[in-house]
Amino acid sequence: MMSNKRIQELELVMEFEKVEECFKEVSSWIENVGRKRLKETINLDDSLAKLLQAQKQFKEFDLVASEYCKRGQETLKKMNQWEDFSFVDVHSYRVKLQAYEDQLEEFCTQLDETRHRVCETVRLYEFFDKVRQGICCTEESVKS
């Protein structure tokens, strides 16, 4: 029985190494690319044309970022089986997984919030642009 537990533990450690390799790639992308790109969208331009260009660029980034989030989440799901084991020796691996999960969750949340903010900002500017055009047309009609 002890031998079986030890074999299971070793299998989990080997699985963790595969997961960690994948997650290191995701984590590295989040830190080196993802967070920087999210920071770039903090100050959006104040013209509709520039804002639409920023939205287009963000959508391209969002596709890639969402794929990394998905990969990270799928990788973490593989490790759900660890919850069934109470080995003391795997505690350090659980701590690492929790750190990866926290980083991924934070980034995915920031991505969702940024996606929403960009979309709402574009909608607002489009509304103001229509209002401005309506006011201009009304002023021209009054002058005629």
Side-chain angles (χ1 to χ4, degrees), residues 4-143:
N4 284 343
K5 283 185 178 183
R6 198 68 177 144
I7 289 171
Q8 287 177 332
E9 185 178 325
L10 290 172
E11 288 172 350
L12 286 172
V13 169
M14 289 170 41
E15 180 69 21
F16 179 81
E17 288 174 356
K18 291 177 191 174
V19 167
E20 188 174 37
E21 183 178 313
C22 178
F23 213 87
K24 279 183 178 179
E25 181 183 335
V26 171
S27 180
S28 176
W29 185 89
I30 287 172
E31 292 304 319
N32 297 321
V33 179
R35 291 196 193 281
K36 290 177 184 177
R37 290 292 302 271
L38 285 179
K39 285 180 184 178
E40 291 172 5
T41 61
I42 289 174
N43 297 318
L44 296 171
D45 289 313
D46 59 354
S47 76
L48 182 57
K50 289 180 180 180
L51 192 55
L52 289 171
Q53 180 64 29
Q55 182 185 36
K56 180 182 175 190
Q57 291 172 348
F58 178 78
K59 283 182 178 181
E60 292 168 2
F61 162 73
D62 188 27
L63 287 173
V64 175
S66 294
E67 194 59 38
Y68 273 97
C69 287
K70 184 179 174 183
R71 269 182 65 199
Q73 290 163 345
E74 288 173 356
T75 301
L76 287 171
K77 281 181 187 176
K78 291 178 184 178
M79 299 315 295
N80 283 342
Q81 64 182 335
W82 282 47
E83 298 302 319
D84 299 335
F85 295 94
S86 59
F87 301 121
V88 175
D89 292 353
V90 298
H91 177 73
S92 62
Y93 297 107
R94 285 188 181 141
V95 170
K96 284 182 182 182
L97 279 175
Q98 187 62 52
Y100 289 142
E101 187 172 8
D102 292 346
Q103 178 195 34
L104 181 65
E105 185 177 316
E106 178 190 355
F107 177 77
C108 292
T109 299
Q110 288 175 347
L111 181 65
D112 289 341
E113 290 170 355
T114 303
R115 184 184 307 115
H116 178 74
R117 186 173 49 81
V118 168
C119 181
E120 289 301 309
T121 304
V122 167
R123 285 183 46 203
L124 184 63
Y125 271 78
E126 288 172 338
F127 172 76
F128 285 138
D129 195 51
K130 287 179 184 177
V131 169
R132 185 184 53 75
Q133 288 174 1
I135 290 172
C136 290
C137 291
T138 303
E139 287 176 353
E140 287 178 16
S141 295
V142 171
K143 288 179 184 178

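Model, not experiment: these values are computed from the prediction.
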Heavy-atom closest contact (Gln55 atom, Cys119 atom, distance): NE2-CA, 4.3 Å
Close side-chain approach of Arg35 and Glu31, heavy atoms under 4.5 Å: yes
Leu104 and Phe23, any side-chain heavy atoms less than 4.5 Å apart: yes
Side-chain donor/acceptor of Asp62 to backbone N/O of Phe58, under 3.5 Å: no
Glu105 CD: over 12 foreign heavy atoms closer than 6.0 Å: no
Backbone N/O of Leu63 and side chain of Ser66: donor-acceptor pair under 3.5 Å: no
Heavy-atom side-chain contact between Tyr68 and Arg71 under 4.5 Å: yes
Neighbour count >12 (heavy atoms, 6.0 Å) for atom CG, Asn43: no
Carboxylate-amine/guanidinium contact Arg115 Asp112, below 4.0 Å: yes
Parallel, tilted or perpendicular, as decided by the 30° and 60° cut-offs, for the rings of Trp29 and Phe61: parallel
Scan the side chains in residues 122-129 for donor-acceptor partners under 3.5 Å anywhere in the protein, sequence neighbours excluded, and list what turns up.
from	atom 1	to	atom 2	distance (Å)
Arg123	NH1	Glu120	OE2	3.0
Asp129	OD1	Arg132	NH2	2.5
Asp129	OD2	Gln133	NE2	3.3

Electrostatic pair Glu60:Arg37 at N-O distance under 4.0 angstrom: no
Evaluation steps, side-chain contact (heavy atoms from CB on, under 4.5 Å), between Leu97 and Val19: CA-CA 9 Å; Leu97 279 175; Val19 167; 4.1 Å; yes
Donor-acceptor contact present, side-chain Thr121 to main-chain Arg117, <3.5 Å: yes
Glu17 CD to Cys22 SG distance, which is reported to the nearest 0.5 Å: 14.5 Å
Distance (rounded to the nearest 0.5 Å) between Lys77 NZ and Glu74 CD: 6.5 Å
